[in-house]
Amino acid sequence: MNIERRGKKNVTYEEARVYLDHVSKYGSVLGLDAIRELLRELGDPQMDLKFIHIAGTNGKGSVLACTSTILSEAGYRTGRYISPTVISYLERIQVDGVWISEAAFARLTKQVKQAIARMEEAGKPSPTIFEVETAIAFLYFRETQCDLVVLECGLGGQLDATNIIPPPLCAVFTSIGEDHLGVLGNTIEEIAADKAGIIKPGCQVISAAQSPAVTGLLKKEADRYGCPFYLADGRAMSILSEGPSGITFQAKGQTVFHCPLAGRYQTDNFAVILELIQVLRKIDYTIPDRCVADGFMKVTWPGRFTCLSKHPYFFADGAHNVPAALRLSETLRSYFPGKRFLFIMGVFRDKEYDRIAKIMAPLAKAVYTVPLPDTGRTLPAHELARIMAACCPVNTTITSFSSIQEAVSTVLSDAGKDDVILAFGSLSYLGEVIRSVQTYQTTQSTEMRVEQ
(Lines give C-alpha, C1' and ligand atoms only; values in the text may rest on other atoms or scores of the structure.)
Protein backbone atom coordinates (compact mmCIF):
# COMPACT_ATOMS: atom_id res chain seq x y z
CA MET A 1 0.00 0.00 0.00
CA ASN A 2 1.36 3.43 -0.94
CA ILE A 3 1.26 6.00 1.88
CA GLU A 4 2.75 8.77 -0.27
CA ARG A 5 0.65 10.94 -2.54
CA ARG A 6 2.04 11.59 -5.98
CA GLY A 7 4.15 14.76 -5.95
CA LYS A 8 4.15 14.96 -2.16
CA LYS A 9 7.45 14.44 -0.34
CA ASN A 10 6.37 14.15 3.31
CA VAL A 11 3.91 11.74 4.89
CA THR A 12 1.26 12.85 7.40
CA TYR A 13 0.55 11.09 10.67
CA GLU A 14 -2.89 10.10 9.36
CA GLU A 15 -1.34 8.53 6.25
CA ALA A 16 1.16 6.66 8.42
CA ARG A 17 -1.67 5.23 10.55
CA VAL A 18 -3.57 4.14 7.44
CA TYR A 19 -0.48 2.28 6.26
CA LEU A 20 -0.01 0.60 9.65
CA ASP A 21 -3.69 -0.39 9.74
CA HIS A 22 -3.07 -2.07 6.39
CA VAL A 23 -0.02 -3.91 7.79
CA SER A 24 -1.98 -5.04 10.86
CA LYS A 25 -4.38 -7.03 8.66
CA TYR A 26 -1.62 -9.60 8.13
CA GLY A 27 -1.84 -10.66 11.77
CA SER A 28 0.89 -11.65 14.22
CA VAL A 29 3.66 -14.21 13.78
CA LEU A 30 6.17 -15.14 16.49
CA GLY A 31 9.75 -15.25 15.25
CA LEU A 32 12.75 -13.02 14.65
CA ASP A 33 13.58 -13.57 10.97
CA ALA A 34 11.48 -10.74 9.55
CA ILE A 35 12.46 -8.11 12.12
CA ARG A 36 16.12 -9.12 11.81
CA GLU A 37 15.96 -8.40 8.06
CA LEU A 38 14.01 -5.18 8.61
CA LEU A 39 16.46 -3.81 11.17
CA ARG A 40 19.37 -4.76 8.93
CA GLU A 41 17.78 -2.64 6.17
CA LEU A 42 17.54 0.23 8.68
CA GLY A 43 21.15 0.04 9.84
CA ASP A 44 20.51 -2.01 13.01
CA PRO A 45 19.57 0.91 15.31
CA GLN A 46 19.13 -1.48 18.26
CA MET A 47 22.88 -2.12 18.27
CA ASP A 48 23.51 1.50 19.30
CA LEU A 49 21.27 1.29 22.37
CA LYS A 50 21.44 -0.09 25.91
CA PHE A 51 18.39 -1.93 27.19
CA ILE A 52 16.57 -3.06 30.29
CA HIS A 53 14.34 -5.86 28.99
CA ILE A 54 11.20 -6.82 30.93
CA ALA A 55 9.19 -10.04 30.56
CA GLY A 56 6.39 -11.48 32.68
CA THR A 57 2.66 -12.09 32.82
CA ASN A 58 1.56 -9.22 35.03
CA GLY A 59 3.36 -6.11 36.27
CA LYS A 60 5.60 -5.42 33.26
CA GLY A 61 4.07 -2.02 32.60
CA SER A 62 4.20 -0.85 36.21
CA VAL A 63 7.85 -1.87 36.53
CA LEU A 64 8.63 -0.16 33.22
CA ALA A 65 6.82 3.06 34.19
CA CYS A 66 8.47 3.37 37.60
CA THR A 67 11.93 2.35 36.41
CA SER A 68 11.98 4.70 33.44
CA THR A 69 10.69 7.61 35.55
CA ILE A 70 13.38 6.98 38.17
CA LEU A 71 16.10 6.83 35.51
CA SER A 72 14.88 10.09 33.96
CA GLU A 73 14.94 11.71 37.40
CA ALA A 74 18.54 10.51 37.77
CA GLY A 75 19.48 12.39 34.59
CA TYR A 76 19.53 9.54 32.09
CA ARG A 77 17.77 10.11 28.77
CA THR A 78 15.39 7.18 28.93
CA GLY A 79 13.27 5.62 26.20
CA ARG A 80 10.30 3.46 26.97
CA TYR A 81 8.42 1.13 24.65
CA ILE A 82 5.08 -0.24 25.82
CA SER A 83 2.23 -2.33 24.46
CA PRO A 84 -0.72 -2.14 24.53
CA THR A 85 -1.50 1.55 24.99
CA VAL A 86 -4.43 3.09 26.85
CA ILE A 87 -4.70 6.81 26.07
CA SER A 88 -3.13 7.26 22.64
CA TYR A 89 -1.40 5.21 19.98
CA LEU A 90 1.62 7.51 20.33
CA GLU A 91 2.19 6.67 23.99
CA ARG A 92 3.82 3.36 23.03
CA ILE A 93 7.06 5.24 22.18
CA GLN A 94 8.28 7.76 24.76
CA VAL A 95 11.48 9.51 25.81
CA ASP A 96 11.58 10.80 29.39
CA GLY A 97 7.82 10.36 29.57
CA VAL A 98 7.10 12.47 26.46
CA TRP A 99 5.28 10.71 23.61
CA ILE A 100 6.79 10.60 20.15
CA SER A 101 5.38 13.46 18.02
CA GLU A 102 3.04 12.81 15.12
CA ALA A 103 5.62 14.35 12.74
CA ALA A 104 8.45 12.11 13.95
CA PHE A 105 6.24 9.05 13.88
CA ALA A 106 5.12 9.77 10.31
CA ARG A 107 8.70 10.40 9.13
CA LEU A 108 10.03 7.20 10.66
CA THR A 109 7.07 5.17 9.39
CA LYS A 110 7.94 6.31 5.89
CA GLN A 111 11.54 5.20 6.43
CA VAL A 112 10.41 1.76 7.64
CA LYS A 113 7.91 1.44 4.81
CA GLN A 114 10.66 2.02 2.25
CA ALA A 115 12.82 -0.64 3.93
CA ILE A 116 9.92 -3.11 3.78
CA ALA A 117 9.47 -2.40 0.07
CA ARG A 118 13.11 -3.34 -0.50
CA MET A 119 12.60 -6.55 1.48
CA GLU A 120 9.54 -7.48 -0.53
CA GLU A 121 11.38 -6.85 -3.80
CA ALA A 122 14.06 -9.28 -2.62
CA GLY A 123 11.43 -11.90 -1.80
CA LYS A 124 11.88 -11.66 1.96
CA PRO A 125 8.98 -12.06 4.43
CA SER A 126 6.99 -8.95 5.33
CA PRO A 127 7.16 -7.82 8.98
CA THR A 128 4.10 -7.84 11.24
CA ILE A 129 2.60 -4.67 12.72
CA PHE A 130 4.37 -5.19 16.06
CA GLU A 131 7.70 -5.66 14.28
CA VAL A 132 7.13 -2.44 12.32
CA GLU A 133 6.27 -0.52 15.50
CA THR A 134 9.34 -1.96 17.25
CA ALA A 135 11.59 -0.86 14.38
CA ILE A 136 10.12 2.66 14.52
CA ALA A 137 10.79 2.76 18.26
CA PHE A 138 14.43 1.71 17.87
CA LEU A 139 14.99 4.33 15.17
CA TYR A 140 13.48 7.01 17.40
CA PHE A 141 15.49 6.00 20.47
CA ARG A 142 18.72 6.10 18.46
CA GLU A 143 17.78 9.42 16.88
CA THR A 144 17.04 11.00 20.27
CA GLN A 145 20.29 9.57 21.70
CA CYS A 146 18.77 7.68 24.60
CA ASP A 147 21.17 6.59 27.33
CA LEU A 148 18.90 3.69 28.28
CA VAL A 149 15.78 2.07 26.85
CA VAL A 150 13.31 0.25 29.11
CA LEU A 151 11.70 -2.32 26.85
CA GLU A 152 8.58 -4.37 27.51
CA CYS A 153 8.10 -7.71 25.76
CA GLY A 154 4.96 -7.83 23.66
CA LEU A 155 4.25 -11.57 23.97
CA GLY A 156 6.44 -14.14 25.69
CA GLY A 157 10.15 -13.62 25.32
CA GLN A 158 12.17 -16.02 23.18
CA LEU A 159 10.48 -15.22 19.86
CA ASP A 160 9.05 -11.80 20.72
CA ALA A 161 10.15 -9.08 18.29
CA THR A 162 11.78 -7.12 21.13
CA ASN A 163 14.18 -10.02 21.69
CA ILE A 164 16.13 -8.99 18.60
CA ILE A 165 18.17 -6.67 20.83
CA PRO A 166 21.79 -7.39 21.83
CA PRO A 167 22.36 -8.64 25.39
CA PRO A 168 20.55 -6.17 27.67
CA LEU A 169 22.07 -4.66 30.79
CA CYS A 170 19.32 -6.37 32.77
CA ALA A 171 16.74 -9.05 32.01
CA VAL A 172 13.85 -8.45 34.40
CA PHE A 173 11.02 -10.87 35.19
CA THR A 174 7.79 -9.75 36.82
CA SER A 175 5.21 -12.23 38.08
CA ILE A 176 4.82 -15.18 35.70
CA GLY A 177 1.45 -16.93 35.60
CA GLU A 178 -0.98 -18.62 33.25
CA ASP A 179 -1.78 -16.43 30.26
CA HIS A 180 -1.57 -17.09 26.52
CA LEU A 181 -1.95 -20.80 27.21
CA GLY A 182 -1.43 -22.82 24.05
CA VAL A 183 0.58 -20.00 22.48
CA LEU A 184 3.56 -19.77 24.82
CA GLY A 185 3.04 -23.20 26.36
CA ASN A 186 0.52 -25.42 28.12
CA THR A 187 1.94 -25.15 31.64
CA ILE A 188 3.36 -22.33 33.73
CA GLU A 189 6.80 -23.92 33.42
CA GLU A 190 6.59 -23.91 29.62
CA ILE A 191 5.44 -20.28 29.68
CA ALA A 192 8.33 -19.36 31.99
CA ALA A 193 10.81 -21.16 29.72
CA ASP A 194 9.63 -19.05 26.78
CA LYS A 195 9.96 -15.83 28.76
CA ALA A 196 13.41 -16.88 29.99
CA GLY A 197 14.53 -16.58 26.36
CA ILE A 198 15.38 -12.91 26.96
CA ILE A 199 18.35 -13.94 29.11
CA LYS A 200 21.58 -13.47 27.17
CA PRO A 201 25.29 -13.70 28.05
CA GLY A 202 26.55 -10.71 30.01
CA CYS A 203 23.25 -9.49 31.42
CA GLN A 204 22.08 -9.22 35.02
CA VAL A 205 18.92 -11.21 35.82
CA ILE A 206 16.35 -9.86 38.29
CA SER A 207 13.13 -11.70 39.14
CA ALA A 208 10.07 -11.13 41.25
CA ALA A 209 9.16 -13.81 43.76
CA GLN A 210 7.88 -16.77 41.72
CA SER A 211 6.80 -20.32 42.35
CA PRO A 212 9.77 -22.58 43.21
CA ALA A 213 9.57 -24.24 39.78
CA VAL A 214 9.66 -20.92 37.90
CA THR A 215 12.42 -19.48 40.10
CA GLY A 216 14.51 -22.60 39.56
CA LEU A 217 13.98 -22.44 35.80
CA LEU A 218 15.00 -18.77 35.57
CA LYS A 219 18.07 -19.31 37.76
CA LYS A 220 19.13 -22.34 35.73
CA GLU A 221 18.93 -20.29 32.52
CA ALA A 222 20.90 -17.45 34.13
CA ASP A 223 23.56 -19.93 35.29
CA ARG A 224 23.78 -21.39 31.79
CA TYR A 225 24.95 -18.02 30.48
CA GLY A 226 27.01 -17.12 33.54
CA CYS A 227 24.63 -14.28 34.48
CA PRO A 228 24.21 -13.07 38.09
CA PHE A 229 20.72 -13.87 39.40
CA TYR A 230 18.87 -11.63 41.89
CA LEU A 231 15.56 -12.53 43.50
CA ALA A 232 13.50 -9.57 44.70
CA ASP A 233 12.08 -10.40 48.11
CA GLY A 234 8.90 -8.43 48.79
CA ARG A 235 8.83 -9.84 52.32
CA ALA A 236 11.85 -7.67 53.17
CA MET A 237 9.82 -4.57 52.38
CA SER A 238 7.59 -2.89 54.96
CA ILE A 239 4.24 -1.47 53.83
CA LEU A 240 3.66 1.59 56.01
CA SER A 241 0.29 2.51 54.53
CA GLU A 242 -1.80 1.69 51.47
CA GLY A 243 -5.11 2.62 49.94
CA PRO A 244 -6.74 4.14 46.85
CA SER A 245 -4.28 7.06 46.87
CA GLY A 246 -1.22 4.81 46.67
CA ILE A 247 1.27 2.91 48.79
CA THR A 248 3.94 4.11 51.24
CA PHE A 249 6.69 1.56 51.78
CA GLN A 250 10.26 1.04 52.96
CA ALA A 251 12.88 -1.58 52.16
CA LYS A 252 15.42 -2.60 54.79
CA GLY A 253 17.71 0.31 55.58
CA GLN A 254 16.33 2.42 52.74
CA THR A 255 14.39 5.65 52.36
CA VAL A 256 10.62 5.75 52.83
CA PHE A 257 8.97 5.86 49.41
CA HIS A 258 5.45 6.73 48.30
CA CYS A 259 3.97 5.72 44.97
CA PRO A 260 0.54 6.78 43.69
CA LEU A 261 0.07 3.42 41.94
CA ALA A 262 -2.47 1.59 44.08
CA GLY A 263 -3.34 -2.09 44.31
CA ARG A 264 -1.97 -4.83 46.51
CA TYR A 265 -0.16 -6.43 43.58
CA GLN A 266 2.10 -3.36 43.24
CA THR A 267 4.17 -4.31 46.27
CA ASP A 268 5.77 -7.20 44.35
CA ASN A 269 6.53 -4.79 41.50
CA PHE A 270 8.11 -2.26 43.89
CA ALA A 271 10.41 -4.99 45.25
CA VAL A 272 11.56 -5.77 41.69
CA ILE A 273 12.18 -2.08 40.95
CA LEU A 274 14.26 -1.56 44.11
CA GLU A 275 16.31 -4.68 43.33
CA LEU A 276 16.82 -3.48 39.75
CA ILE A 277 18.02 -0.06 40.95
CA GLN A 278 20.52 -1.75 43.28
CA VAL A 279 21.82 -3.88 40.41
CA LEU A 280 22.18 -0.84 38.12
CA ARG A 281 24.19 0.87 40.85
CA LYS A 282 26.49 -2.16 40.97
CA ILE A 283 27.24 -1.76 37.28
CA ASP A 284 28.15 1.92 37.75
CA TYR A 285 24.89 3.79 37.17
CA THR A 286 24.48 6.71 39.55
CA ILE A 287 20.93 6.73 40.93
CA PRO A 288 20.59 8.69 44.20
CA ASP A 289 17.86 7.75 46.68
CA ARG A 290 16.19 11.15 46.17
CA CYS A 291 15.79 10.33 42.45
CA VAL A 292 14.26 6.96 43.35
CA ALA A 293 11.85 8.70 45.71
CA ASP A 294 10.97 11.37 43.13
CA GLY A 295 10.51 8.74 40.42
CA PHE A 296 8.11 6.70 42.54
CA MET A 297 6.20 9.84 43.51
CA LYS A 298 5.87 11.23 39.96
CA VAL A 299 5.06 8.03 38.06
CA THR A 300 1.81 7.80 36.13
CA TRP A 301 0.52 4.58 34.62
CA PRO A 302 -3.07 4.72 33.32
CA GLY A 303 -5.25 1.64 33.52
CA ARG A 304 -3.60 0.03 36.53
CA PHE A 305 -6.13 0.50 39.34
CA THR A 306 -6.32 4.12 38.22
CA CYS A 307 -8.74 6.32 40.15
CA LEU A 308 -10.84 8.30 37.68
CA SER A 309 -13.16 9.94 40.20
CA LYS A 310 -14.28 9.95 43.84
CA HIS A 311 -17.78 10.03 45.35
CA PRO A 312 -18.31 7.50 43.92
CA TYR A 313 -14.90 5.98 43.46
CA PHE A 314 -14.37 4.91 39.85
CA PHE A 315 -11.33 2.75 39.03
CA ALA A 316 -9.99 1.42 35.74
CA ASP A 317 -7.82 -1.69 35.82
CA GLY A 318 -6.52 -3.81 32.95
CA ALA A 319 -6.87 -7.15 34.78
CA HIS A 320 -7.40 -9.64 31.94
CA ASN A 321 -6.15 -12.97 33.26
CA VAL A 322 -6.65 -15.18 36.30
CA PRO A 323 -3.65 -14.05 38.41
CA ALA A 324 -4.55 -10.38 37.84
CA ALA A 325 -8.20 -11.00 38.71
CA LEU A 326 -7.21 -12.71 41.96
CA ARG A 327 -5.05 -9.76 42.99
CA LEU A 328 -7.73 -7.27 41.94
CA SER A 329 -10.36 -9.08 44.02
CA GLU A 330 -7.96 -9.06 46.98
CA THR A 331 -7.40 -5.31 46.56
CA LEU A 332 -11.13 -4.53 46.50
CA ARG A 333 -11.83 -6.62 49.59
CA SER A 334 -8.95 -5.01 51.46
CA TYR A 335 -9.50 -1.38 50.47
CA PHE A 336 -13.31 -1.27 50.51
CA PRO A 337 -14.79 -3.75 52.99
CA GLY A 338 -18.57 -3.71 53.04
CA LYS A 339 -18.92 -1.45 49.96
CA ARG A 340 -21.21 -2.03 46.99
CA PHE A 341 -19.27 -2.84 43.81
CA LEU A 342 -20.54 -1.97 40.34
CA PHE A 343 -18.52 -3.53 37.52
CA ILE A 344 -18.07 -2.57 33.89
CA MET A 345 -16.56 -5.55 32.13
CA GLY A 346 -15.28 -6.26 28.63
CA VAL A 347 -13.07 -9.20 27.62
CA PHE A 348 -11.45 -10.83 24.62
CA ARG A 349 -12.94 -14.16 23.65
CA ASP A 350 -9.49 -15.82 23.69
CA LYS A 351 -9.04 -15.13 27.42
CA GLU A 352 -10.13 -17.29 30.37
CA TYR A 353 -13.18 -15.09 30.95
CA ASP A 354 -15.15 -17.86 32.65
CA ARG A 355 -12.51 -18.19 35.38
CA ILE A 356 -12.18 -14.39 35.70
CA ALA A 357 -15.97 -14.20 36.06
CA LYS A 358 -15.98 -16.73 38.90
CA ILE A 359 -13.32 -14.73 40.76
CA MET A 360 -14.93 -11.29 40.40
CA ALA A 361 -18.66 -12.09 40.30
CA PRO A 362 -19.17 -12.77 44.04
CA LEU A 363 -18.31 -9.12 44.76
CA ALA A 364 -20.71 -7.60 42.24
CA LYS A 365 -23.88 -5.72 43.08
CA ALA A 366 -24.32 -4.78 39.42
CA VAL A 367 -22.50 -5.71 36.20
CA TYR A 368 -22.50 -3.72 32.96
CA THR A 369 -20.97 -5.71 30.10
CA VAL A 370 -19.55 -4.00 27.00
CA PRO A 371 -17.98 -4.92 23.64
CA LEU A 372 -14.30 -4.08 23.11
CA PRO A 373 -13.06 -1.78 20.31
CA ASP A 374 -11.37 -4.76 18.62
CA THR A 375 -14.57 -6.26 17.23
CA GLY A 376 -12.70 -9.22 15.78
CA ARG A 377 -11.55 -10.46 19.19
CA THR A 378 -14.20 -9.21 21.60
CA LEU A 379 -16.54 -11.51 23.45
CA PRO A 380 -20.05 -10.16 22.69
CA ALA A 381 -21.48 -8.17 25.59
CA HIS A 382 -24.66 -10.26 25.75
CA GLU A 383 -22.64 -13.48 25.97
CA LEU A 384 -20.45 -12.05 28.74
CA ALA A 385 -23.62 -10.97 30.56
CA ARG A 386 -24.93 -14.55 30.40
CA ILE A 387 -21.66 -15.90 31.83
CA MET A 388 -21.64 -13.34 34.66
CA ALA A 389 -25.29 -14.09 35.46
CA ALA A 390 -24.37 -17.71 36.10
CA CYS A 391 -21.65 -16.66 38.58
CA CYS A 392 -23.14 -13.65 40.40
CA PRO A 393 -25.31 -13.62 43.53
CA VAL A 394 -29.03 -13.91 42.71
CA ASN A 395 -29.77 -10.23 43.47
CA THR A 396 -27.09 -8.86 41.14
CA THR A 397 -28.28 -6.62 38.31
CA ILE A 398 -26.67 -7.54 34.99
CA THR A 399 -27.05 -5.43 31.83
CA SER A 400 -25.31 -5.62 28.45
CA PHE A 401 -24.58 -2.49 26.43
CA SER A 402 -23.70 -1.86 22.81
CA SER A 403 -21.33 1.00 23.65
CA ILE A 404 -18.78 1.77 26.35
CA GLN A 405 -19.94 5.38 26.68
CA GLU A 406 -23.52 4.28 27.37
CA ALA A 407 -22.37 1.83 30.05
CA VAL A 408 -20.23 4.50 31.77
CA SER A 409 -23.04 7.03 31.74
CA THR A 410 -25.50 4.48 33.13
CA VAL A 411 -23.25 3.21 35.92
CA LEU A 412 -22.44 6.75 37.05
CA SER A 413 -26.16 7.55 37.13
CA ASP A 414 -26.95 4.36 39.05
CA ALA A 415 -24.14 4.54 41.62
CA GLY A 416 -24.47 6.06 45.05
CA LYS A 417 -21.71 8.35 46.31
CA ASP A 418 -20.38 5.62 48.64
CA ASP A 419 -20.33 2.89 45.98
CA VAL A 420 -17.22 1.68 44.12
CA ILE A 421 -17.21 1.39 40.33
CA LEU A 422 -14.59 -0.70 38.55
CA ALA A 423 -13.97 -1.13 34.81
CA PHE A 424 -11.78 -4.17 34.10
CA GLY A 425 -11.22 -7.16 31.81
CA SER A 426 -8.91 -5.66 29.18
CA LEU A 427 -6.59 -2.70 28.78
CA SER A 428 -7.85 -2.19 25.23
CA TYR A 429 -11.05 -0.33 26.16
CA LEU A 430 -9.92 1.63 29.20
CA GLY A 431 -8.93 4.67 27.14
CA GLU A 432 -12.55 4.92 26.00
CA VAL A 433 -13.71 4.46 29.61
CA ILE A 434 -11.46 7.31 30.75
CA ARG A 435 -12.73 9.60 27.97
CA SER A 436 -16.34 8.67 28.74
CA VAL A 437 -15.93 9.49 32.44
CA GLN A 438 -14.42 12.85 31.53
CA THR A 439 -17.29 13.57 29.12
CA TYR A 440 -19.87 12.64 31.76
CA GLN A 441 -18.21 14.85 34.37
CA THR A 442 -18.02 17.78 31.94
CA THR A 443 -21.68 17.36 31.01
CA GLN A 444 -22.76 17.19 34.64
CA SER A 445 -20.71 20.27 35.50
CA THR A 446 -22.23 22.21 32.60
CA GLU A 447 -25.77 21.19 33.58
CA MET A 448 -25.17 22.30 37.17
CA ARG A 449 -23.95 25.73 36.02
CA VAL A 450 -27.00 26.11 33.77
CA GLU A 451 -29.36 25.25 36.64
CA GLN A 452 -27.65 27.82 38.87
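This structure is a prediction, so every number in the text was calculated from the model and none was measured.
If you look at F305 and Y265, their ring centroids are not closer than 6.0 Å. Between F296 and F249, the ring centre distance stays below 6.0 Å. If you look at F315 and F336, their ring centroids are closer than 6.0 Å. For Y140 and F138, the ring centers sit 6.0 Å or farther from each other.
Side-chain contact between T396 and I398 is present, with at least one heavy-atom pair separated by less than 4.5 Å. Here the side chains of V292 and E73 are not in contact, with every heavy-atom distance at 4.5 Å or above. Side-chain contact between Q250 and L274: absent, with no pair of heavy atoms (C-beta onward) separated by less than 4.5 Å. Inter-residue side-chain proximity for L218 and F173 is flagged as met; some heavy-atom pair is nearer than 4.5 Å. You'll find the side chain of L49 reaches within 4.5 Å of the side chain of F51, heavy atoms only. Residues F341 and I421 are not in side-chain contact: their nearest non-hydrogen atoms beyond the backbone lie 4.5 Å or more apart. Proximity of V205 to C170: side-chain heavy atoms (C-beta onward) are nowhere separated by under 4.5 Å. Residues V367 and T397 fail the side-chain proximity criterion, which asks for heavy atoms closer than 4.5 Å.
Proximity of a side-chain donor or acceptor of K351 to a complementary backbone N or O of H320 within less than 3.5 Å is not detected. Panel note: side chain T174, backbone N58; a donor-acceptor pair is recorded below 3.5 Å. In this structure, S334 contributes its side chain and E330 its backbone to no donor-acceptor pair below 3.5 Å. Side chain of S436 to main chain of T439: no donor-acceptor pair is present (N/O by atom type, distance under 3.5 Å, no hydrogens or angles). The backbone N or O of G216 sits nowhere less than 3.5 Å from a side-chain atom of K220 that would complete a donor-acceptor pair. The backbone N or O of F424 lies less than 3.5 Å from a partner atom in the side chain of Y429, making a donor-acceptor pair. Looking at S88, its side chain does come within 3.5 Å of a backbone N or O of L90 through a donor-acceptor pair. With hydrogens and angles disregarded, a donor-acceptor distance shorter than 3.5 Å links the side chain of Y76 to the backbone of T286. Under the 3.5 Å distance criterion, the side-chain polar atoms of S24 are matched with a main-chain donor or acceptor of D21. Of the possible donor and acceptor atoms, none in the side chain of T67 sits under 3.5 Å from a partner among the backbone N and O of L64.
Taking each heavy atom of V322 and E352 in turn, the nearest pair found is CG2-OE1, 3.8 Å. Nearest heavy-atom pair across F270 and C66 is CE2-SG, 4.5 Å. The minimum heavy-atom distance between I434 and L308, with the atom names listed, is CG1-CD2, 3.7 Å.
With respect to the salt-bridge test (charged N to carboxylate O, under 4.0 angstrom), the residues D268 and R327 qualify. Salt-bridge formation is detected for the pair D223/K219: a Lys NZ or Arg NE/NH1/NH2 atom is positioned less than 4.0 Å from an Asp or Glu carboxylate oxygen.
When the side chain to side chain contact (heavy atoms under 4.5 Å, CB included) test is applied to S241, the partners found at least two apart in sequence or on another chain are T248. Judged as a side chain to side chain contact (heavy atoms under 4.5 Å, CB included), and not counting sequence neighbours, the contacts of S329 are R333, I359, M360, L363.
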Side-chain atoms of residues 94-101: list all donor-acceptor pairs with protein atoms under 3.5 Å, sequence neighbours left out, distances to 0.1 Å.
| from | atom 1 | to | atom 2 | distance (Å) |
| --- | --- | --- | --- | --- |
| Q94 | NE2 | E91 | O | 2.7 |
| D96 | OD1 | S72 | OG | 2.6 |
| D96 | OD1 | T78 | N | 3.0 |
| S101 | OG | A104 | N | 3.0 |

Would you tabulate the side-chain donor-acceptor contacts of residues 153-167 under 3.5 Å, counting partners in other chains and residues two or more places apart, or write 'none'?
| from | atom 1 | to | atom 2 | distance (Å) |
| --- | --- | --- | --- | --- |
| D160 | OD1 | G154 | N | 3.1 |
| D160 | OD1 | L155 | N | 2.7 |
| D160 | OD2 | G154 | N | 3.2 |
| D160 | OD2 | T162 | N | 3.0 |
| D160 | OD2 | T162 | OG1 | 2.5 |
| T162 | OG1 | H53 | NE2 | 2.9 |
| N163 | OD1 | K200 | NZ | 2.6 |
| N163 | ND2 | G157 | O | 3.4 |
| N163 | ND2 | Q158 | O | 3.1 |
| N163 | ND2 | G197 | O | 3.2 |

Please list, one pair per line, the donor and acceptor atoms closer than 3.5 Å that link side chains of residues 409-417 to other protein atoms, with sequence neighbours excluded.
| from | atom 1 | to | atom 2 | distance (Å) |
| --- | --- | --- | --- | --- |
| T410 | OG1 | E406 | O | 2.8 |
| S413 | OG | S409 | O | 2.9 |
| D414 | OD2 | Y368 | OH | 2.9 |

Verify side-chain hydrogen bond (donor to acceptor under 3.5 Å, both in side chains) between R281 and Q278, making sure each step is shown before the conclusion.
CA-CA 5 Å; R281 286 168 170 166; Q278 290 292 85; 2.6 Å; yes

What verdict does the side-chain hydrogen bond (donor to acceptor under 3.5 Å, both in side chains) test give for T255 and D289, after you've listed the backbone C-alpha separation in whole Å, the side-chain angles of each residue and the deciding distance to 0.1 Å?
CA-CA 7 Å; T255 307; D289 272 358; 3.1 Å; yes

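Seen from the ring of Y89, R17 counts as a face-on cation partner, given the 6.0 Å and 45° thresholds.
Separation of atoms CZ (R80) and CD1 (I54) is listed at 10.0 Å; rounding is to 0.5 Å. Between the CG atom of D354 and the CE atom of M388 there is a distance of 11.5 Å, given to the nearest 0.5 Å. One finds the CD atom of Q46 at 9.5 Å from the CZ atom of R36 (value rounded to the nearest 0.5 Å). For the atom pair CD of Q210 and OG1 of T57, the computed distance is 8.0 Å after rounding to the nearest 0.5 Å. Atom SG of C291 and atom CD1 of I277 lie 10.0 Å apart (nearest 0.5 Å). Considering OH of Y230 and CD1 of I206, their distance stands at 7.5 Å, rounded to 0.5 Å.
Identified under the salt bridge (charged side-chain N to carboxylate O under 4.0 Å, His left out) test for residues 43-59, with sequence neighbours left out: D48-R142.
Side-chain N/O atoms of Q266 and S62 include a donor and acceptor closer than 3.5 Å. The closest side-chain donor-acceptor pair between S428 and D374, if any, does not fall under 3.5 angstrom.
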